[in-house]
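Worksheet: one structure, shown below.
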Amino acid sequence: MFGLIGALILFVVLLVFLFIFASYFGLWVQSWLTKADITIFSLLGMTFRKVNARQIVRSKIMATQAGLVDPELTSGALEAHYLAGGNVQQVIRALIAAKKAKTISLTFREATAIDLAGRDVLESVQTSVYPKVIDCPPRGSVKPSLDAVAKDGIQLKVKARVTVRANLQQLIGGATEETIIARVGEGIVSAIGSAANHKAVLENPDVISKAVLAKRLDSQTAFEIVSIDIADIDVGANIGARLQADQAEADTQVARARAEGKRASAVAEEQEMQAKIQQSRASLVQAQAAVPEAMSAAFRSGNLHILDYYKLQNVSADTEMRKSIAVAGQATSSSDNSYDD
């Protein structure tokens with residue numbers, strides 16, 4: 001009975017061994033023939049570590065066949081990078097591309113760090129070999145051009161193309177394309193604003209490029225600016241004249257407001273004078289109303305006699321008559337003068 005159970009267990013173990021051997025035999029043979037140095041036990045351990053053994057073997061074979069010599073590039077390092085969520089094959093392709101370029105220094109540690117940072121390491125290497133062109137402003141932006149105003153008040157609309165090369169040493173933590181576009185746009189606006197007039201900019205657009213390149217706008221970014229080319233430049237509106245017109249309109253509004261204030265003050269003063277005139281007239285009427293009372297009191301006290309009263313009336317009538325004659329004479333004289341004319 002025990003012999004039958006032991007034979008059954010041995011048979012099951014043999015089946016498992018044959019299954020594992022059949023699963024990884026092809027990968028182990030490939031590794032052995034290409035000198036990738038991955039043992040069958042390492043492949044078995046990848047199964048328990050939840051690692052894609054086929055991807056690791058192929059990546060190690062690519063590195064070995066390409067002649068990548070880096071002491072840190074081991075199967076264990078590839079597994080660790082895979083478990084960290086990295087793209088192992090993309091890293092190896094980037095290392096191979098950097099080695100073939102012969103002008104780029106990229107280690108396995110740097111490549112894995114760039115990949116884990118979320119950057120496409122292969123695209124970065126390709127951009128470092130073959131520079132990339134960035135439109136400024138980018139396509140699909142709200143404004144189709146960069147608008148700047150020269151010192152003479154003329155607006156210029158500029159489109160630029162920035163040729164950049166990836167800077168692998170600053171790819172981690174370096175600013176992206178958006179920063180390059182923003183800095184170049186700011187530099188172009190500043191360069192045009194410093195120009196004496198728009199004609200000088202139209203005659204020599206390279207003045208803008210030289211001024212912008214001199215500012216080292218690619219510092220602390222993931223790119224190195226190779227060149228800045230002005231693709232298109234157009235003349236816009238006369239911003240200076242518009243601002244002067246707006247200022248004149250504002251001055252006119254201020255002058256009108258001040259004049260309206262003075263007019264309102266004059267009207268108020270006139271109304272005040274009218275009120276004073278009415279007050280004076282009321283005082284006069286009040287004083288005239290007191291005259292009969294005073295005369296009556298004078299008659300009763302004997303200070304004024306009837307003869308004196310009649311004399312006063314005659315003097316008043318004579319004064320009124322003289323006034324009437326004077327007014328009539330002035331009217332006649334005015335009409336005679338009009339006829340003579």
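Throughout, numbering of the chain's residues begins at 1 and tracks the sequence. Note that the coordinates shown come from a computational prediction; the quantities given were computed from them, not determined experimentally.
Hydrophobic clustering of Ile, Leu, Val, Met, Phe, Trp and Tyr side chains at less than 4.5 Å, counting indirect connections, unites Val235 with Ile192. Cluster annotation: Leu146 and Val149 are assigned to distinct hydrophobic clusters (Ile/Leu/Val/Met/Phe/Trp/Tyr, side-chain heavy-atom contacts under 4.5 Å, transitive). Hydrophobic clustering (ILVMFWY, side-chain heavy atoms < 4.5 Å, transitive): Phe223 and Val226 are in distinct clusters. By the criterion of side-chain heavy atoms lying less than 4.5 angstrom apart, applied directly or through intervening Ile, Leu, Val, Met, Phe, Trp or Tyr residues, Ile96 is not grouped with Leu122; the two fall into different hydrophobic clusters.
Side-chain contact between Lys60 and Val57 is absent, with no heavy atoms from C-beta onward closer than 4.5 Å. Contact check for His198 versus Leu202: side-chain heavy atoms found under the 4.5 Å cut-off. With a 4.5 Å cut-off on side-chain heavy atoms, Asn197 and Ile154 do not count as touching. With contacts defined as side-chain heavy-atom distances shorter than 4.5 Å, the pair Thr163/Ile225 does not qualify. Inter-residue side-chain proximity for Lys132 and Glu177 is flagged as met; some heavy-atom pair is nearer than 4.5 Å. Residues Val207 and Val201 are not in side-chain contact: their nearest non-hydrogen atoms beyond the backbone lie 4.5 Å or more apart. The side-chain heavy atoms of Val189 and Asp147, taken from C-beta on, include no pair separated by under 4.5 Å. Between Val125 and Tyr130 the shortest side-chain heavy-atom distance does not fall below 4.5 Å.
Heavy-atom neighbours of Gln279 CD from other residues, nucleotides or ligands within 6.0 Å: at or below the threshold of 12. Taking a 6.0 Å sphere around CD of Gln286, one finds it holds 12 or fewer heavy atoms contributed by other residues, nucleotides or ligands.
In this structure, Ile114 CD1 and Glu123 CD are separated by 12.0 Å, a value rounded to the nearest 0.5 Å. In this structure, CD1 in Ile181 is found 8.5 Å from OG1 in Thr176, a value given to the nearest 0.5 Å. Note: Leu78 CG to Phe108 CZ = 5.0 Å, rounded to the nearest 0.5 Å. Between atom CG of residue Asn314 and atom CE of residue Met321 there is a gap of 10.5 Å, rounded to the nearest 0.5 Å. The CD1 atom of Ile188 sits 11.5 Å away from the CG atom of Leu156 when rounded to the nearest 0.5 Å. Here Gln55 contributes atom CD and Gln89 contributes atom CD; the two are 4.5 Å apart, rounded to the nearest 0.5 Å.
A side-chain donor from one of Gln253 and Glu249 sits under 3.5 Å from a side-chain acceptor of the other. In this model, no donor atom of one side chain and acceptor atom of the other lie less than 3.5 Å apart for Asn87 and His81.
No donor-acceptor pair under 3.5 Å is formed between the side chain of Ser190 and the backbone N or O of Glu186. A distance-only check finds a donor-acceptor pair linking the side chain of Ser324 to the backbone of Glu320 [under 3.5 Å]. At distances below 3.5 Å, at least one donor-acceptor pair connects side-chain atoms of Ser280 with backbone N or O atoms of Lys276. No donor-acceptor pair under 3.5 Å is formed between the side chain of Gln155 and the backbone N or O of Ile239. Between the Ser145 side chain and the Val158 main chain, no donor and acceptor come within less than 3.5 Å of each other.
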Open item on the list: Test side chain to side chain contact (heavy atoms under 4.5 Å, CB included) on Leu73 and Ile92; report intermediate values, then the result.
Closed with: CA-CA 10 Å; Leu73 205 167; Ile92 299 300; 4.2 Å; yes

- [ ] Run the numbers on Ile228 and Val184 for side chain to side chain contact (heavy atoms under 4.5 Å, CB included), then give the verdict.
- [x] CA-CA 8 Å; Ile228 298 176; Val184 170; 4.2 Å; yes

- [ ] For Asp120 and Gln90, run side chain to side chain contact (heavy atoms under 4.5 Å, CB included): C-alpha distance rounded to whole Å, both residues' side-chain angles, the deciding distance at 0.1 Å, then the answer.
- [x] CA-CA 8 Å; Asp120 192 333; Gln90 196 81 339; 3.0 Å; yes

Task: Working for side chain to side chain contact (heavy atoms under 4.5 Å, CB included), residues Ile230 and Asp206 - done: CA-CA 7 Å; Ile230 304 301; Asp206 59 333; over 6 Å; no

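Comment: Arg161 does not engage Asp229 in a salt bridge, judged by the lack of any side-chain N to carboxylate O separation of less than 4.0 angstrom. Between Glu260 and Arg263, at least one side-chain nitrogen of the basic residue sits less than 4.0 Å from a carboxylate oxygen of the acidic one, meeting the salt-bridge criterion. The pair Lys159-Asp135 fails the salt-bridge criterion, with no side-chain N (NZ, NE, NH1 or NH2) lying under 4.0 Å from an Asp/Glu carboxylate O. Remark: Arg119 does not engage Asp115 in a salt bridge, criterion side-chain N to carboxylate O under 4.0 Å. In this structure, Asp318 pairs ionically with Arg322, as a charged nitrogen and a carboxylate oxygen lie closer than 4.0 Å.
The nearest pair of heavy atoms linking Val121 to Val91 is CG1-CA, 4.1 Å. Minimum interatomic distance between Ser219 and Arg183 (heavy atoms only, all atoms of both residues): O-NH1, 2.6 Å. Across all their heavy atoms, Leu95 and Leu106 have their closest contact at CD2-O, 3.6 Å. The heavy-atom pair separating Gly185 from Cys136 by the smallest distance is N-SG, 3.9 Å. Contact record, Gly85 with Leu116: C-CD2, 4.3 Å, taken as the closest heavy-atom pair. Residues Pro137 and Ser141 come closest through the heavy atom pair CB-OG, 3.7 Å.
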